[in-house]
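Keep in mind it's a predicted model, so treat the numbers as computed, not measured. Side-chain atoms are counted along with the backbone in the values below, which use heavy atoms only and exclude waters and symmetry mates. Every chain is numbered from 1, with letters handed out A, B, ... down the list of sequences.
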Amino acid sequence: MLRLTNTLTGTLEAFEPADGKTVRMYVCGPTVHDFAHIGNFRTFVLEDVLRRHLKSKGWDLLHVMNVTDVDDKIIAKAREQGLDIRAYTEKYVRSFLEDSDALDIERPEMLVRATDHVPEMAALVETLLEKGHAYRDGDSVYFRVAGLAEYGRLARLDGKDLKPGARVDVDEYGKESPRDFVLWKAPKHEDEPRWETSVGVGRPGWHLECSAMAMKYLGPGFDLHCGGVDLVFPHHTNEIAQSEAATGRQFVRFWIHVEHLKVEGQKMAKSLGNFYRLRDLLDRGFSPQAIRYLYVSVPYRKQLNFTFAGLEQAAHSLDRIREFLFRLRTGRLPERSSEALKTAFLHARERFEHGMDDDLNTAVALAAMFDLIRRANTGLDAGELGRDLQGDIEDWFVEIDRRLGIVPSGDEDGVASARDREVSALVEARNAARRSRDFERADSVRRQLSDMGVVVEDTPDGTRWRYR
RNA sequence: GGCGCCGUACCCAAGUGGUAAGGGAGAGGUCUGCAAAACCUUUAUGCACCGGUUCGAAUCCGGUCGGCGCCUCCA
């Protein structure tokens, strides 16, 4: 049984899709005004882990992710560059998808852009106006929070504690109350992007797109909605308010929020010089998989302190997995395994699943995997791991990879290329030298291989090699 | 000021009343021509600190100190 912490109640609750079959899930995607940073990707990777876990439970998935491709920053930057917003954002949408692929993030069933759904948003505004939950000020439309008893429940605000002097957008002077938020913005400048819609000329407010698109594709009420913790208020709070005011029913059953990451103990900020995009880390020689491992190693509800030392540790942890699989695949194994080892294998698999079911406790899941690695290595040494388990264990690691995306591939054992044949010849030459006890020659070949990025290891079962 | 989270070994981290998982790093050892990998041993009588509840607390309660988040840009 899967249990997740629902922000709506603040407690761990058993989760299953309302219809028992298909999980309807909406995720707040990137605002494409710039390249996504490593903080964004922590959220997206952990949402991906959730997505994969839900699939493993046997449910179908309808996962919608939005791309916010119109907002103040986009408009300003596009204008600076003399581009229309579509042309401006295209580059960042593409880059987001490339980075997502590099991090092995699965594509949602639907990726939807705000600017493709303006009519739906306008329709939602109309409904809110009709029902008296919205009001006009000039060509702008605002949502009226007053009278909604439930407002702010998600963020645990009592609704009236707006800090005096808090930031209030200067163009929203037309609001009846500071708590109200804009649904539809009248154009401020001549060259601003605008849409002619049933509610008038202008552009949508921030929160509107998610309500409109989520309800269009997932229905007025659906199972799961995810995002970073910073979205709890105001974004998700306002999504709930406007959606439920329009439909009169519960918008989302489960809200899941991913904690932020810090960098070297501090908030990541351009002004602190600790702001990283994925590309920045790859340029420093870190693998996307090490980055993903670091994300996965800390459960989603805990702040992750991102450090380069931590990233190196993650890379080393990956090495341990890689070494084990290499040994498992290349070892000379007996026919049968010991009962104790079989039991340990089943126990590890169980513990992995229990960890994941317990609010996606990825740290426990990884611990279960490493326990099995240690136990299997011992078994390999003692000759108690047989061919009857070899395939099962390999299959399990394929499954772990399908679930967490953190298992190094076995590419080094792949189809022999011309280079592979060259390496094999050198390895054989080295062994010939070793047999004739010409260790100087043997070591010189080892150095040559090392320069080619090849690691050579001598084992009781013979010499094996792989690319570093 | 209001609401909330966190503080576990050198680093990361699990743990939600029953006597400290896991990973990385370090030290010693086994194996080994060398090297690597692997394995074994080792690194918290103690979980920020002080009290309390309890037969028993890292886990519950109160307080103190420290760090972080949100209170209309934010993943």
Side-chain angles (χ1 to χ4, degrees), chain A residues 10 12 27-31 33 36-47 71-73 152 155-158 160-164 166-169 172 175 178-182 206-207 226-235 237-238 257-262 265-269 293-294 297-299 301-305 307 309-324 326-327 331 351 355 358 361-371 373-374 376-382 434 437-440 442-443 446-447 450 455-460 464-465:
Chain A
L12 210 50
V27 164
C28 285
T31 299
H33 67 270
H37 55 69
I38 58 172
N40 296 314
F41 281 115
R42 183 202 187 189
T43 301
F44 297 136
V45 164
L46 288 165
E47 286 165 347
D71 81 335
D72 289 350
K73 275 185 195 164
R156 258 141 277 255
L157 299 174
D158 67 12
K160 57 178 181 292
D161 56 357
L162 262 183
K163 190 179 179 181
R167 294 163 289 184
V168 174
D169 192 336
E172 296 187 11
K175 295 198 290 193
R179 290 193 297 162
D180 293 351
F181 56 91
V182 68
W206 176 30
H207 317 300
C226 316
V229 277
D230 56 303
L231 298 183
V232 173
F233 186 86
H235 187 52
T237 294
N238 290 345
H257 291 97
V258 181
E259 251 300 346
H260 279 187
L261 64 67
K262 293 186 289 185
Q266 290 182 298
K267 183 167 181 164
M268 180 170 74
Y293 181 93
L294 182 59
S297 68
V298 181
R301 293 203 309 121
K302 183 165 174 167
Q303 284 185 348
L304 166 62
N305 185 18
T307 64
L311 197 46
E312 273 158 29
Q313 290 181 6
H316 283 135
S317 300
L318 247 28
D319 286 340
R320 180 163 169 80
I321 304 170
R322 182 186 295 107
E323 291 291 354
F324 167 67
F326 182 49
R327 197 150 108 97
R351 197 171 157 225
D358 182 17
N361 194 331
T362 44
V364 163
L366 289 174
M369 177 190 71
F370 281 113
D371 271 339
I373 288 179
R374 153 93 56 72
N377 270 324
T378 311
L380 247 13
D381 284 345
R434 289 174 70 220
R437 314 212 40 96
D438 180 359
F439 296 122
E440 210 170 301
D443 287 348
R446 178 195 282 287
R447 277 193 296 276
S450 176
V455 177
V456 180
E457 295 174 7
D458 301 316
T459 77
R464 56 184 194 181
W465 63 269

For atom [atom1], what is the distance between [N] and [M], given to the nearest Å?
N: B:C3; M: B:U64; atom1: P; answer: 15 Å
N: B:A75; M: B:G52; atom1: C1'; answer: 41 Å
N: B:G23; M: B:A14; atom1: C1'; answer: 11 Å
N: B:G18; M: B:C12; atom1: C1'; answer: 27 Å
N: B:G7; M: B:C49; atom1: P; answer: 13 Å
N: B:U54; M: B:A44; atom1: P; answer: 32 Å
N: B:C73; M: B:G24; atom1: P; answer: 43 Å
N: B:C47; M: B:C60; atom1: P; answer: 15 Å

Exercise. For A:H260 and B:A75, do the ring centres fall under 5.5 Å apart while the planes stay under 30° apart?
Worked result: yes

Exercise. Would A:F439 pass as stacked on B:G33, i.e. its ring centre under 5.5 Å from the base's six-membered ring centre and planes under 30° apart?
Worked result: yes

Problem set entry | Taking every non-hydrogen atom, the tightest pair across A:P299 and A:R42 | O-NH2, 3.0 Å

According to salt bridge (charged side-chain N to carboxylate O under 4.0 Å, His left out), who are the partners of [X], at least two apart in sequence or on a separate chain?
X: A:D438; result: none
X: A:E312; result: none
X: A:D371; result: A:R351
X: A:D319; result: A:R322

Are there any protein N/O atoms within less than 3.5 Å of an N/O atom in nucleotides 29-32 of chain B, and if so, which ones and at what distance?
none

Quick one: look up who [N] pairs with, Watson-Crick or G-U, both distances under 3.5 Å, and put none if it's unpaired.
N: B:C3; result: B:G69
N: B:A9; result: none
N: B:U19; result: none
N: B:A57; result: none
N: B:G33; result: none
N: B:C47; result: none
N: B:G28; result: B:C40

For this session: For A:S450, enumerate each residue passing the side chain to side chain contact (heavy atoms under 4.5 Å, CB included) test, keeping only those at least two apart in sequence or located in another chain.
Result: A:R468

What is the distance from [atom1] of [X] to [atom2] of [N], rounded to the nearest Å?
X: A:I321; N: B:G24; atom1: CD1; atom2: C1'; result: 12 Å
X: A:D371; N: B:G22; atom1: CG; atom2: P; result: 6 Å
X: A:L311; N: B:C11; atom1: CG; atom2: C1'; result: 14 Å

Qualifying residues under ring-ring contact (aromatic ring centres under 6.0 Å, His included), relative to [X], sequence neighbours excluded:
X: A:Y293; result: none
X: A:H257; result: A:H236
X: A:H260; result: none

Exercise. Do the side chain of A:R464 and the main chain of A:T459 share a donor and acceptor less than 3.5 angstrom apart?
Worked result: no

Problem set entry | Under 3.5 Å donor-acceptor, A:N361 side chain and A:V364 backbone | yes

Problem set entry | Contact check, side chains of A:K302 and A:E259, non-hydrogen atoms, under 4.5 Å | no

For this session: Would you mind reporting whether A:D381 and A:R327 have side-chain heavy atoms less than 4.5 Å apart?
Result: yes

Exercise. Using a cut-off of 4.0 Å on non-hydrogen atoms, how would the nucleic acid contact of A:L380 be classed: base, sugar-phosphate, or nothing?
Worked result: nothing

Exercise. Any donor-acceptor pair under 3.5 Å joining the side chain of A:R434 to the base of B:G33?
Worked result: yes

Exercise. Hey, is the side chain of A:D230 pairing donor to acceptor with the base of B:G69 inside 3.5 Å?
Worked result: no

Seminar exercise, completed: Winner on side-chain proximity to A:F233, out of B:A75, B:C71, B:G24, is B:C71

For this session: Tell me which nucleotide among B:C3, B:G23, B:A75 gets nearest to the side chain of A:R156.
Result: B:C3

For this session: Please identify each residue that fulfils side chain to side chain donor-acceptor pair (under 3.5 Å) with A:D458, with sequence neighbours left out.
Result: A:R430, A:R434, A:T463

Exercise. When every nucleotide of nucleotides 35-42 of chain B is labelled 5' to 3' by its protein contacts under 4.0 Å (heavy atoms), B for base, S for sugar-phosphate only, - for none, what sequence of letters results?
Worked result: BBSSSS--

For this session: Could you tell me whether the phosphate oxygens of B:C70, OP1 or OP2, come under 4.0 Å of any side-chain nitrogen or oxygen in A:K267?
Result: yes

Exercise. Does A:A368 or A:T307 map to a spot on RNA chain B nearer the 5' end, using the closest nucleotide for each?
Worked result: A:T307

Report, one pair per line, the protein and nucleotides 13-15 of chain B atoms (nitrogen or oxygen only) whose separation is under 3.5 Å.
{"unit_1": "B:A14", "atom_1": "OP2", "unit_2": "A:K302", "atom_2": "NZ", "d": "2.7"}
{"unit_1": "B:A14", "atom_1": "O3'", "unit_2": "A:N361", "atom_2": "ND2", "d": "2.9"}
{"unit_1": "B:G15", "atom_1": "OP1", "unit_2": "A:N361", "atom_2": "ND2", "d": "2.6"}

